[in-house]
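The figures that follow rest on heavy atoms only: side chains count, while hydrogens, waters and symmetry mates do not.
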Amino acid sequence: MAEAGQRMTREMLRGRAQTVLGPVAPAELGPTLMHEHLIWDIRTPAMRAEPDQGPEITLCNCFAINYGRKRKVPGNLRFRCEPTALGELAAMKEAGGRTVVELSSGGLDPDPAALARLAAEAGIHIVMGCGHYVHEYQDPANAARSAEDFAREMVDQVQLGAWGTDIRAGIIGEIGCQAPWTAQEKRVMAGALLAMAETGAAVNVHPGRHPDQPQEVAEFIRAHGADPSRVIISHIDRTIFDEDRLLRLADSGVVVEFDLFGQEASYYALAPIDMPNDAVRLKLIRALISRGHLERVVISHDICYRTRLTRWGGHGYGHIFENVLPLMRERGFSESEIDAITVGNPRRLLAFA
């Protein structure tokens, strides 16, 4: 392992996965959640300025807050308590999980040192992301930056250390997009693809909330000559709702991520959609497998509300391992398919190319 301040070159990382505690053999990762947040702040800048952050979250109001008809509770979107996070991770480990990909990128208050402490204390692997979230969350100084400048930053975050620390990212993302996509976000994305080519790290994309935006990202990847098989498109379950679009996206070569497992309410406060439940997610994954795209599927929860943690009545990080995997077996998924989705595909994506 490189010392602090020493650059981890692509040759040093090739074929290995990089966690917040250092590189490991990909075979050590085990069952993996590919898109989570452990220490986060997803409040918009405007929300952060509000004097009233909402009521204390209790078991009596967590459903009303989660369902979304209640007044927004900005405090639900911020979580910095390491002891509580440690307990949540312990429950995930007991359920069978071994690795968490933490994607709190620029604008979401990433905390590498906290992630390193959690990994060490929980006895799990944590792979940290880098780069920048959607335009609204970015530092105003980003408006004057070029794609090449963003790329240099992300390369350093992977090879030297991220967010003012010597703790290195092991994946690029989540890189934020909107619909319509802003010019600044496109420069960040172009920078991420350049950084992917230089480091060998995979890229995770947060697409805009329009069913055609993931395909737009896939076409952007192709136009920039990047490898689509190393790019993961997140939040498919709140973005694409018909098989034709879904299969066309997978046909383009990108990896599709269903990362809202555990969100069972159809109401989705951020867009006028009918959110699928876990059973519908599995039907869409089955359609992808039937098309020959088993190697292009990963899953997770994308926990970024406190009400989705078990401490406040939510499902927690163990939900997929404790509840979804048995459901997959009941729905006819083979052990080899489950292993590919939860172990094999993450292992391949997190290994540096």
Exercise. If every non-hydrogen atom of Leu21 is compared with every non-hydrogen atom of Ala119, which pair is closest and at what distance?
Worked result: CD1-CB, 3.9 Å
For this session: Please lay out, stage by stage, how Glu153 and His132 fare under the test side-chain hydrogen bond (donor to acceptor under 3.5 Å, both in side chains).
Result: CA-CA 10 Å; Glu153 177 189 36; His132 295 277; 2.8 Å; yes
Exercise. Should Phe352 and Val101 be regarded as members of a common hydrophobic cluster, given that ILVMFWY residues are connected when their side-chain heavy atoms come within less than 4.5 Å of each other, either directly or indirectly?
Worked result: no
For this session: Taking all non-hydrogen atoms of both residues into account, name the closest pair between Arg209 and Leu270 and its distance.
Result: NH2-CD1, 3.1 Å
For this session: Given side chain to side chain contact (heavy atoms under 4.5 Å, CB included), test Arg16 with Val24 step by step and report yes or no.
Result: CA-CA 6 Å; Arg16 306 176 80 187; Val24 299; over 6 Å; no
Exercise. Between Leu29 and Ile341, is there a shared hydrophobic cluster once you connect ILVMFWY residues whose side-chain heavy atoms come closer than 4.5 Å?
Worked result: no
For this session: Over all heavy atoms of both residues, which pair between Ile175 and Ile172 is shortest? Give the atoms and the distance, please.
Result: CD1-CG2, 4.0 Å
For this session: Answer whether the closest heavy-atom distance between the side chains of Leu282 and Leu327 falls below 4.5 Å.
Result: yes
Exercise. Do Thr307 and Asn76 pass the side-chain hydrogen bond (donor to acceptor under 3.5 Å, both in side chains) test, and can you show the C-alpha distance, the side-chain angles, and the key distance before you say yes or no?
Worked result: CA-CA 7 Å; Thr307 46; Asn76 189 35; 3.1 Å; yes
Problem set entry | Expected output: side-chain Arg98 to main-chain Lys93 donor-acceptor under 3.5 Å | yes
Exercise. Under a 4.5 Å cut-off applied to non-hydrogen side-chain atoms, are Arg80 and Asp111 in contact?
Worked result: yes
For this session: Check step by step if side chain to side chain contact (heavy atoms under 4.5 Å, CB included) holds for Arg347 and Thr32.
Result: CA-CA 8 Å; Arg347 182 171 59 202; Thr32 299; over 6 Å; no
For this session: Walk me through it: do Ile126 and Thr19 pass the test side chain to side chain contact (heavy atoms under 4.5 Å, CB included)?
Result: CA-CA 5 Å; Ile126 296 175; Thr19 77; 5.9 Å; no
Exercise. Within a radius of less than 6.0 Å around CD of Glu94, do more than 12 heavy atoms belonging to other residues, nucleotides or ligands occur?
Worked result: no
For this session: Tell me yes or no: between the side chains of Glu174 and Ser105, is some donor less than 3.5 Å from an acceptor?
Result: no
Problem set entry | Validation row: Pro26, Leu350 side chains within 4.5 angstrom (heavy atoms) | no
For this session: Would you indicate whether Glu56, at its atom CD, is surrounded by more than 12 heavy atoms from other residues, nucleotides or ligands within a distance under 6.0 Å?
Result: no
Exercise. Can you tell me if OH on Tyr305 sees more than 12 non-hydrogen neighbours from other groups inside 6.0 Å?
Worked result: no
Problem set entry | Within one Ile-Leu-Val-Met-Phe-Trp-Tyr cluster: Leu349 and Val127, side-chain cutoff 4.5 Å | yes
Exercise. Stepwise, does the side-chain hydrogen bond (donor to acceptor under 3.5 Å, both in side chains) test hold for Ser300 with Asp302?
Worked result: CA-CA 6 Å; Ser300 207; Asp302 188 22; over 6 Å; no
Problem set entry | Backbone N/O of Phe220 and side chain of His224: donor-acceptor pair under 3.5 Å | yes
For this session: Could you tell me whether the side chains of Ser234 and Asn204 share a donor-acceptor contact shorter than 3.5 Å?
Result: yes
Problem set entry | Salt bridge present between Arg329 and Glu335 (N-O < 4.0 angstrom) | yes
Exercise. Angle class for the Phe79/Trp40 ring planes (parallel below 30°, perpendicular above 60°, tilted otherwise)?
Worked result: tilted
For this session: Answer yes or no on whether Arg187 is positioned over the face of Phe150, meaning its NZ or CZ is under 6.0 Å from the six-membered ring centre and within 45° of the axis.
Result: no
Problem set entry | Same cluster (ILVMFWY, side-chain, under 4.5 Å), Leu193 and Val254 | yes
For this session: Apply the test side chain to side chain contact (heavy atoms under 4.5 Å, CB included) to residues Val298 and Val255: give CA-CA distance (whole Å), side-chain angles for both, the deciding distance (0.1 Å), then the verdict.
Result: CA-CA 7 Å; Val298 291; Val255 177; 4.0 Å; yes
Exercise. Does any N or O in the side chain of Gln213 come within less than 3.5 Å of the main-chain N or O of Gly208, such that one atom is a donor and the other an acceptor?
Worked result: yes
Problem set entry | Ser104 and Glu102 side chains, donor-acceptor separation under 3.5 Å | yes
Problem set entry | Verdict with supporting geometry, Arg308 and Glu36, salt bridge (charged side-chain N to carboxylate O under 4.0 Å, His left out) | CA-CA 11 Å; Arg308 295 184 66 200; Glu36 301 295 343; over 6 Å; no
Problem set entry | Validation row: Val231, Pro228 side chains within 4.5 angstrom (heavy atoms) | no
Exercise. For the residue pair Cys62 and Gly313, what are the closest heavy atoms and their distance?
Worked result: SG-CA, 4.4 Å
Exercise. Between Asp251 and Arg248, does a salt bridge (charged side-chain N to carboxylate O under 4.0 Å, His left out) hold up when you go through it step by step?
Worked result: CA-CA 5 Å; Asp251 288 346; Arg248 185 164 65 251; over 6 Å; no
Exercise. With a 4.5 Å heavy-atom cut-off, do Ile299 and Ile285 have their side chains touching?
Worked result: yes
Exercise. Are the ring centres of Phe261 and His319 closer than 6.0 Å?
Worked result: no
Exercise. Is a side-chain donor-acceptor pair under 3.5 Å present for Arg7 with Gln159?
Worked result: yes
For this session: Taking the side chain as every heavy atom from C-beta outward, state whether Val20 and Leu115 have any atom pair closer than 4.5 Å.
Result: yes
Problem set entry | CD (Gln178) with more than 12 external heavy atoms under 6.0 Å | yes
For this session: Identify whether the distance between the nearest side-chain nitrogen and carboxylate oxygen of Arg48 and Asp41 falls below 4.0 Å.
Result: yes
Problem set entry | Side-chain touch Gln53/Val73, heavy atoms, less than 4.5 angstrom | no
Problem set entry | Cationic N near anionic O, under 4.0 Å, Glu337 to Arg286 | yes
Exercise. Are any of the side-chain heavy atoms of Val134 and His206 separated by less than 4.5 Å?
Worked result: yes
Exercise. Checking Gln157 side chain against Gly131 main chain: does a donor-acceptor pair fall under 3.5 Å?
Worked result: yes
For this session: Please answer: with hydrophobic residues joined when any side-chain heavy atoms are less than 4.5 Å apart, are Met189 and Leu194 in the same cluster?
Result: no
For this session: Apply salt bridge (charged side-chain N to carboxylate O under 4.0 Å, His left out) to the pair Asp278 and Arg281, showing each step before the final yes or no.
Result: CA-CA 5 Å; Asp278 288 353; Arg281 292 179 179 100; 2.7 Å; yes
For this session: List the steps, then state whether salt bridge (charged side-chain N to carboxylate O under 4.0 Å, His left out) holds for Glu50 with Arg43.
Result: CA-CA 10 Å; Glu50 292 179 14; Arg43 296 174 300 170; over 6 Å; no
Problem set entry | Closest heavy-atom pair and its distance - Arg238, Met275 | CB-CE, 4.0 Å
For this session: Run the ring-centre check on His35 versus His235 and record whether the distance is less than 6.0 Å.
Result: yes
For this session: Please check if atom CD in Glu295 has more than 12 non-hydrogen atoms from other residues, nucleotides or ligands closer than 6.0 Å.
Result: no
Problem set entry | Taking every non-hydrogen atom, the tightest pair across Pro207 and Val205 | CD-O, 3.3 Å
Exercise. Salt bridge between Arg10 and Glu198, side-chain N to carboxylate O under 4.0 Å?
Worked result: no
For this session: Please confirm whether the backbone N or O of Ile42 pairs with a side-chain atom of Tyr137, one donor and one acceptor, at under 3.5 Å?
Result: yes
